Number of protein chains: 4
Amino acid sequence: MSTPKSPGRPRNPAIRAAVLDAARELLAAGGLPAVTIEALAARAGVSRPTIYRHWPNSAAVAMEAFVSATLPSGPPKPTGAPLTDLAAHLRKLAQAFASPTGRSAAALLAASQGETELTKAFRNHFIMTARHEGRRLLTLAAAQGQLRPRLDLELTLDLIYGPLYFRLLMGHAELSKSFTDRLLQLALAGIAPRP
Amino acid sequence: MSTPKSPGRPRNPAIRAAVLDAARELLAAGGLPAVTIEALAARAGVSRPTIYRHWPNSAAVAMEAFVSATLPSGPPKPTGAPLTDLAAHLRKLAQAFASPTGRSAAALLAASQGETELTKAFRNHFIMTARHEGRRLLTLAAAQGQLRPRLDLELTLDLIYGPLYFRLLMGHAELSKSFTDRLLQLALAGIAPRP
Amino acid sequence: MSTPKSPGRPRNPAIRAAVLDAARELLAAGGLPAVTIEALAARAGVSRPTIYRHWPNSAAVAMEAFVSATLPSGPPKPTGAPLTDLAAHLRKLAQAFASPTGRSAAALLAASQGETELTKAFRNHFIMTARHEGRRLLTLAAAQGQLRPRLDLELTLDLIYGPLYFRLLMGHAELSKSFTDRLLQLALAGIAPRP
Amino acid sequence: MSTPKSPGRPRNPAIRAAVLDAARELLAAGGLPAVTIEALAARAGVSRPTIYRHWPNSAAVAMEAFVSATLPSGPPKPTGAPLTDLAAHLRKLAQAFASPTGRSAAALLAASQGETELTKAFRNHFIMTARHEGRRLLTLAAAQGQLRPRLDLELTLDLIYGPLYFRLLMGHAELSKSFTDRLLQLALAGIAPRP
DNA sequence: CGGTAAACGAGACGGTACGTCGTGTCTTTGA
DNA sequence: TCAAAGACACGACGTACCGTCTCGTTTACCG
């Protein structure tokens, strides 16, 4: 009823998987510019036109491959203290994005000029997944009175996540292990002197 | 002393200018992917080999063009209050990024995979120029007792610039006019409740 | 049996023809140096990569074009007298070489340095085709007792064709109409005095 | 009187020599296509414009280099029998042109399209030097009654030299040591049966 | 003996062509 | 109908030489 059972030979579901596997390997090896339709086809043992039948272009393949590759592990065990959990979350995030695959995420984001459906989907999956966890923990902390009242939550999230992504992408400064901890602490206390 | 005047026919300085002009136009029109050597040569009225004599690839041209396109105006008149000046500086930076050319800066940043000479040069020119002004103003503010003592200056700079670049690169939220003001205010006060 | 019908889209036979036509025109107009891949592509209305799919380089195209340009007409009607037929064959060959296209054959022959596949192919097609006819006629003449017995056939062929190609390549003397006749006559009689 | 002693710095004669040496090396190594102005300049330690000051193009350099490289040794000692001397002369010639440098002579000849001054000079020097020796010996033989009377000398020369150059350039058959001897013998006797 | 004229090295420059790579579309054959 | 294989037009790549040019420097001769 919903899918009226299209006639003819059905699509081989193994193809999607093979192409996405190839994309992940290529991403890890050579970053986004290495993910060409040509290379995907060769590595997946699939013809180029077949790939075009499944995705509109190579960026779409890369995005889908990336989405299904990052952050597969669940959140760490909550300790009950939201800000402690947030610190752990940030540490884990920094670690994940320090990987070569993580580096190419930036390229993917920036390379997708304009506001296509895919860009949005990717952003949702990729940034918002982490951001959602952060938002949950901040809301929890606010409820326990550990945050200033009437805080702009989105701005706060940017204040915390921004510097992290910034250092990762720019590489202008070391990303020491204590970085996220010190960052969170500074964000909490503020840079103005105590009155 | 100085440059010992290299032998041979001197380079025609008009060529650099013409190519960079062409690059700026192409950047504005079609973003980074439009900046091809072919298009540059055609638009600047210069042969392709000549462009390769001046830059190693199209990304290098785009970077240089972008660098010389942003922040062309000098710093605004100082008001004497460093934090006020900082707020103005951030507003201006955000405005530069909101331009169509600014959008392609994201692509440029992310496209430069790895630690090439160009990445570093671009980072120095493009990020560090702004960052240097920020550092100057923060140091001034600290001297006037408007900042918490013994602040980690680099971390503080990331706390302020990070969210700005983050929104630029991700595009998950507007770069509204009030954004930098609210950001600076939040960073100053911190997100923890006042004791 | 035969060709097992290769998979994939079949080659467009019109392309070969168009490129070879273009090559012949270019050969006639500007000689071998005019036969560039670029010019071929432009004149044949075909993309450059496509030409490379069919031939390894411009010399190969020129050779094939030349091969199919010379000796297009079949052998003249045999008169029954092999040596008379041979004289006619040589006259025709000399005439073909005297054409502007014929001039570039020299360049083609000499330009192919070393023993590449192409050199051999060209030699087979271009020289051996004529030589084969000569061999046929000489064998016939020998059978009729018009040649000295136990003649080294290959040496004899060189004795006849050599001077012809020599004048073509060197250009030190005219390829006059009577040249081949006088040449054949001299070869037959020998230069030593009759005993 | 003739040369009114031009003013300015005189040309450095060492340059001509250095460039011609370089040309000979390049000819031997890679044939005519290796003789580029660029390579000549690099190898001779001379600037490109300087080469253009001395020769109009690379072919001119190659020709001059080739001319001064071949057949430097004098003729072998005459035995008194002209036809024996001719056989020795042909053997030596075949040997000289079997060298890599000899191979490129063909390319040079064919590459020089049209009838420039240089082509003629080259032909004179290169072919006619050998041909002149052949003509001398044939004339001598004729005077001694060893040749048929009223022979077309130029045609006879082609009959002898043609097959030799032909095999050298085409390589369609072995160039055995006995080749020139058998060739001369066949030319003398003719291919027609003795009456 | 100092001025002038050419030779020379170095390298920039506009051209032209090279051979390659990747794209996205298409046309076959076979499953 | 899907999939494979491969042909094709297109566009850009980065490189190699070409022949010309503009410099600054060097080396002769000639007034």
Side-chain angles (χ1 to χ4, degrees), chain A residues 6-12 14-15 33-42 45-58, chain B residues 4-15 33-42 44-58, chain C residues 4-15 33-42 45-58, chain D residues 5-15 33 35-42 44-54 56-58:
Chain A
S6 65
R9 176 172 171 178
R11 293 196 169 179
N12 183 353
I15 285 178
V35 184
T36 68
I37 298 287
E38 200 122 313
L40 286 171
V46 155
S47 74
R48 279 188 299 134
T50 295
I51 296 183
Y52 282 109
R53 232 170 268 122
H54 289 258
W55 293 272
N57 51 52
S58 60
Chain B
K5 184 158 276 190
S6 66
R9 177 174 173 177
R11 294 197 167 180
N12 182 355
I15 284 179
V35 185
T36 68
I37 299 286
E38 200 115 317
L40 286 171
V46 155
S47 73
R48 271 188 303 138
T50 293
I51 297 185
Y52 282 109
R53 229 170 270 124
H54 287 256
W55 295 273
N57 50 54
S58 61
Chain C
K5 184 157 277 188
S6 68
R9 178 173 172 178
R11 294 198 167 178
N12 183 354
I15 284 180
V35 185
T36 68
I37 297 286
E38 200 116 318
L40 286 171
V46 155
S47 72
R48 271 189 301 141
T50 293
I51 297 184
Y52 283 109
R53 222 172 279 121
H54 288 257
W55 295 273
N57 51 53
S58 61
Chain D
K5 183 159 278 188
S6 65
R9 175 175 173 177
R11 294 196 169 180
N12 182 354
I15 284 179
V35 185
T36 67
I37 299 287
E38 200 120 315
L40 286 171
V46 155
S47 74
R48 277 186 301 135
T50 294
I51 296 184
Y52 282 108
R53 234 170 263 125
H54 289 257
N57 51 52
S58 60

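Please read these numbers as outputs of a predicted model, since none were measured by experiment. Letters go in sequence order (proteins before strands), and every chain restarts at 1. The figures here come from the full heavy-atom set of this structure, side chains too, leaving out hydrogens, waters and symmetry mates.
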For this session: Apply side-chain contact (heavy atoms from CB on, under 4.5 Å) to the pair B:T36 and B:S58, showing each step before the final yes or no.
Result: CA-CA 6 Å; B:T36 68; B:S58 61; 5.8 Å; no
For this session: Calculate the interatomic distance between A:W55 atom CH2 and E:dT23 atom C1'; express it in whole Å.
Result: 17 Å
Pairs under 3.5 Å (N/O, protein and nucleotides 14-17 of chain F):
| unit_1 | atom_1 | unit_2 | atom_2 | d |
| --- | --- | --- | --- | --- |
| F:dG14 | OP2 | B:Y52 | OH | 2.5 |
| F:dG14 | O5' | B:Y52 | OH | 3.4 |
| F:dG14 | N7 | B:R48 | NH1 | 3.2 |
| F:dG14 | O6 | B:R48 | NH1 | 3.0 |
| F:dG14 | O6 | B:R48 | NH2 | 3.2 |

For this session: Look only at the side chain of C:R11 and the backbone of C:R53, and say whether a donor-acceptor pair between them is shorter than 3.5 Å.
Result: yes
For this session: Identify the two heavy atoms, one from C:N57 and one from C:I37, that lie closest to each other, and give their separation to 0.1 Å.
Result: C-CD1, 4.1 Å
Problem set entry | Protein-nucleotide distance (A:I51, atom CD1; F:dA5, atom P), rounded to Å | 12 Å
For this session: Please report the shortest heavy-atom distance between B:S47 and B:A41, naming the atom on each side.
Result: C-CB, 4.2 Å
Exercise. In degrees rounded to 10°, what angle is found between the helical axes fit to the five outermost pairs at each end of the helix from E:dC1-F:dG31 to E:dA31-F:dT1?
Worked result: 10°
For this session: Please state whether the phosphate of E:dG14, meaning OP1 or OP2, lies under 4.0 angstrom from any side-chain nitrogen or oxygen of B:T50.
Result: yes
For this session: For B:I15 and for D:R9, find the nucleotide of DNA chain E with the closest heavy atom, then tell me which residue's nucleotide is more 5'.
Result: D:R9
Seminar exercise, completed: Closest to the 5' end of DNA chain F, once C:V46 and B:G8 are matched to their nearest nucleotides, is C:V46
For this session: Specify the separation, in whole Å, of atom CG of B:L40 and atom C1' of F:dG11.
Result: 15 Å
For this session: Write down the distance between CZ (B:R11) and P (E:dA10), rounded to a whole number of angstrom.
Result: 17 Å
Exercise. On DNA chain F, nearest-nucleotide positions of D:P10 versus B:A39: which is more 5'?
Worked result: B:A39
Exercise. Where do B:A34 and B:A39 come nearest, in terms of heavy atoms and distance?
Worked result: O-CB, 4.0 Å
Problem set entry | Atom pair CD1 (C:I15) and CD1 (C:I51), whose distance is rounded to the nearest 0.5 Å | 9.0 Å
Seminar exercise, completed: When rounded to whole Å, the CG to P distance for the pair C:N12 and F:dA9 reads 8 Å
Exercise. Is the phosphate of F:dA7, meaning OP1 or OP2, less than 4.0 Å from a side-chain N or O of C:H54?
Worked result: no
